[in-house]
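So the structure is just underneath, and the comments pick up after that.
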Amino acid sequence: MLKKKALVMSVLCAVASVGFVMSASAEETMSGQLDEVVIEAERGVLPGGLAKEEVTTGFTGKQDIMSAPMTVSEISNKTIEKFASPNAGIADALSLDPSVRADRGGTYTDISIRGIYQSGHSFYVNGIPGLLCQENIPYYWADSISVISGPSLGTNATSFSEAAAGSVNIQSKAATSEGNANIKVAYRGGSSMQEAIDVGRRFGENDKYGVRITASNISGDTVLDGENLSQQAFSINLDQKSDNSKTNLLIAYDHTDHKGGTGSISFGNGVTSLPSAPDSSRIYKPDWSYNEYDNWIAALNHEQKLGEHISAYLNAGYHREDWYGYIDGNPTIKNNIGDFDISMTNYPLALTKKYLGVGVKGDFNIGSVKNEYLVGADKTWYNYALSRNMNFANGGTWSGTGNIYQHNWWPSLERPSYDPVHSQDAQMTGWHIVDTLKALDDKLQVTLALHGHKASRTPVGSPTQDSDAICPTYAVSYKVSPAVTVYADHSESFGMGSLVGNTYENQGQMLDPAKTKQNEIGVKVKTGSFLNTFSAFEITQANNISVYRPGYTRPFLLQDGEQKNKGFEWAFTGNLADKWDLIGGVMYLNAEDYKGNDVNGASKWSGTVGAIYHPTEDLSFIGRVTYLDSTTINNGALDVPSYTKFDLGASYKTKLSHTPVTFDLMCYNLTGKDYWSARSGSSSLNVGAPRTIVLSANFEI
């Protein structure tokens, strides 16, 4: 096992090392003219076109990646198109960042950053929090996605769903001066098809106004036996740019009907040795289980110049999630031969989030030191309705049994219909002060930030529960040379506080906010057309634990001790010579709970490398290798083996009747390997996605 593990990690590192060395050699042959060694497929991207050169860093806006005093990457639309998969969606593209692991596929778009979980509810859209669901997130409207893998909450808008170890921000597609009109047709495995259109135009004097419209339809049985996915998504992005102001408005809607689907699998006390991974082409729940929901999104960003060195901004957001169709549940394996129990519940819910943020930002000089500041305040309103554990029409909650190594079938039941009941209201108010000081010809950059949050939650029938805190963030970066930047940062943050659920004896109690502290140091190195980022980090987070007490049948949920996640990363992107584009990295993670034990599902090593080879201008080959180290679950009782997964594909550009068209062929999980996939902080496992072949054609009309 150790030899195999070392071999896989060596391959990942060796591929990247070749890029580092070849790019360094290229730099030497250019006689030190480092600033001119930039080969870009499009404006604003790093060599290879897989990542952005200017990255989005929250309130501090766009920064050159070499100046940003934190570990940050922003994958391009090219990366999203080439590496997002039907099974895991954008999570598969995000996992090219070594900090990110795609924790779940199918129904949920869940990831972890440096071993700490977050769902789609934690993502930002155009810098606005709380606008996405956690289920199948449509991404055809996404232009780029930035990931801050470290201290970032002090420079982001106030969010209900705290993303403790980093943040994800999706930037929407806006119209370009060149305009575009694309039609996409894709086969997604099984009998699943996608049809999509993307049209954008600018108009008015100096292309002042822009309109970008996208629409996508996905329908059919997926590659999984018993799963069907139907999703319709639409977006319109309107923007205007002038000398004194800029505005962007995104409006989006999606409807999803997901039958069957995948989910996590738990393991009871009767399991003493982890069963081998079952057939990944099956689902392990009734095919009549389903999730059906609608999402409405609106995101407004406006900035108005008030003077030469000051401007005001307004950000506003609205999200309505109506998850009216839900019959679902996950299996629990009860012995070593794979027998399981499963219960299905009806769990409709609805939520509404509204966000408003205002402030001013600008710059001033103190001697030779330039100060770029922001002072702002924001507020989020949250309304939640829920109906949980409602009975089925037959008079009781449904339950069944099965085995993971055989085909399981359960007779279908009539779908019950319940409207969710108003459950709670909440508000989150925040204020932010950020000052970035630049000196020594901008070689030295220091960011100082202070943010305060107050959370107020009112469950129906219960008194209002409040919590608040003030937390600092500070960061420093120094450009040793145009090719080398060193940086360090620290942040503190807190969430809303946990409302104890109905599976605990102290249900309804509000636990204190779980405070998080992060420290990070790193160095960024540009060698020719290759960018490397090396970082070390430590994250400390308050623990919520289950405690059984004498005389009670259910546990108490209490806050006690701390979880510590420590590790280091190497991230890279750029050109391998003239014909190779590369992106990926390696992470080592040591996650320990409050007792000093390894955190469930937290693999020590993980790595991913995505590569595109261009033998000609029109033909390219795409490959990716993903590795996740072995780990343990159920508090060390069960060993989960490591796995290595390969994806391979090709892309070809041609013309059909004078119409430019790009054909893409991609095979995910090339070898068809069945494997268990662990999730940091959880004792549940997911069955890895099966071999999936995707064929698409994109027509430029």
Side-chain angles (χ1 to χ4, degrees), residues 9-30 32-40 45-55 57 63-76 79 94-100 113-114 146-150 166 443 445 475 477-489 520-537 567-578 580-589 605-612 624-625 627:
M9 296 309 299
S10 297
V11 170
L12 290 171
C13 294
V15 172
S17 299
V18 171
F20 187 94
V21 173
M22 292 181 70
S23 297
S25 299
E27 180 185 10
E28 292 173 3
T29 61
M30 293 299 291
Q33 298 180 36
L34 178 66
D35 292 342
E36 298 179 8
V37 186
V38 179
I39 306 170
E40 295 184 350
V45 297
L46 290 163
L50 298 173
K52 296 280 188 176
E53 188 167 30
E54 276 197 333
V55 291
T57 56
Q63 291 193 56
D64 177 81
I65 194 168
M66 291 297 290
S67 299
M70 59 191 67
T71 301
V72 58
S73 65
E74 185 161 346
I75 61 173
S76 67
T79 304
L94 289 172
S95 64
L96 287 166
D97 185 311
S99 300
V100 179
I113 298 180
R114 292 178 172 173
S146 66
V147 178
I148 300 178
S149 307
K443 292 180 180 179
Q445 178 173 310
S477 66
Y478 180 73
K479 284 188 176 182
V480 180
S481 71
V484 179
T485 299
V486 294
Y487 63 95
D489 42 48
E520 178 186 37
I521 58 173
V523 58
K524 302 176 185 181
V525 181
K526 266 188 176 180
T527 55
S529 55
F530 214 74
L531 172 65
N532 299 270
T533 302
F534 305 91
S535 58
F537 59 88
F568 56 83
E569 297 169 353
W570 173 21
F572 46 80
T573 186
N575 289 127
L576 282 178
D578 294 331
W580 286 87
D581 306 328
L582 199 70
I583 188 171
V586 176
M587 177 174 69
Y588 172 79
L589 174 67
W605 287 95
S606 61
T608 181
V609 175
I612 301 178
R624 173 169 57 182
V625 56
Y627 173 77

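Residue indices begin at 1 and follow the sequence shown.
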- Query: Measuring from Ile612:CD1 to Leu50:CG, what's the distance to the nearest 0.5 Å?
  - Reply: 5.0 Å
- From Glu53 atom CD to Leu46 atom CG, the distance as rounded to the nearest 0.5 Å: 5.5 Å
- Message: According to side chain to side chain contact (heavy atoms under 4.5 Å, CB included), who are the partners of Tyr588, at least two apart in sequence or on a separate chain?
- Response: Phe568, Asn590, Lys604, Trp605
- Closest heavy-atom pair, Val55 versus Ala68, reported as atoms and distance to 0.1 Å, is CG2-CB, 4.4 Å
- Message: To the nearest 0.5 Å, what is the distance between CD1 on Ile75 and CG on Leu96?
- Response: 7.0 Å
- Query: About how many Å separate OG of Ser606 and CE of Met587, when rounded to the nearest 0.5 Å?
  - Reply: 4.0 Å
- Message: Can you give me the closest heavy-atom contact between Arg114 and Leu589, atom names plus distance?
- Response: O-CD1, 3.7 Å
- Query: Are the side chains of Phe572 and Val609 in touch, meaning some heavy atoms are under 4.5 Å apart?
  - Reply: yes
- Item | Residue list, side-chain hydrogen bond (donor to acceptor under 3.5 Å, both in side chains) with Thr533, at least two apart or on another chain | none
- Give a yes or no answer on whether the side chain of Thr485 reaches the backbone of Met66 with a donor-acceptor pair at less than 3.5 Å. yes
- Note on the structure: Closest non-hydrogen contact found for Asn575 with Phe530 is O-CD1, 3.6 Å
- Task: Report the residues that fulfil side chain to side chain contact (heavy atoms under 4.5 Å, CB included) with Glu54, sequence neighbours left out, ordered by chain and then residue number.
- Result: Lys62
- Quick one: do the Trp570 and Asn532 side chains pair a donor with an acceptor below 3.5 Å? yes
- Is the backbone of Lys52 close enough, under 3.5 Å, to the side chain of Ser76 for a donor and an acceptor to pair up by distance? no
- Partners passing side-chain hydrogen bond (donor to acceptor under 3.5 Å, both in side chains) against Ser99 (at least two apart in sequence or in another chain): Asp97, Ser149, Glu569
- Atom pair CD1 (Ile113) and OG1 (Thr71), whose distance is rounded to the nearest 0.5 Å: 11.5 Å
- Cationic tip of Lys524 above Tyr487 ring, under 6.0 Å, 45° of axis: yes
- Pro69 and Glu520, any side-chain heavy atoms less than 4.5 Å apart: no
- Message: Donor-acceptor check, side chain of Ser477 to backbone of Ser67, threshold 3.5 angstrom: yes or no?
- Response: yes
- Heavy-atom distance under 4.5 Å between the side chains of Tyr627 and Val586, does that happen here? no
- With sequence neighbours excluded, tell me which residues meet side chain to side chain contact (heavy atoms under 4.5 Å, CB included) with Val480. Tyr478, Val484, Val486
- Note on the structure: Of all heavy-atom pairs linking Gly584 and Pro98, the shortest is O-CD, 4.0 Å
- Message: I want to check something: taking the side chain as every heavy atom from C-beta on, are Val625 and Thr608 in contact at a cut-off of under 4.5 Å?
- Response: no
- Sorted by chain and number, sequence neighbours left out, side chain to side chain contact (heavy atoms under 4.5 Å, CB included) with Ser146 holds for Thr56, Glu74, Asn169
- Side-chain heavy atoms of Val147 within contact of Val100, under 4.5 Å: yes
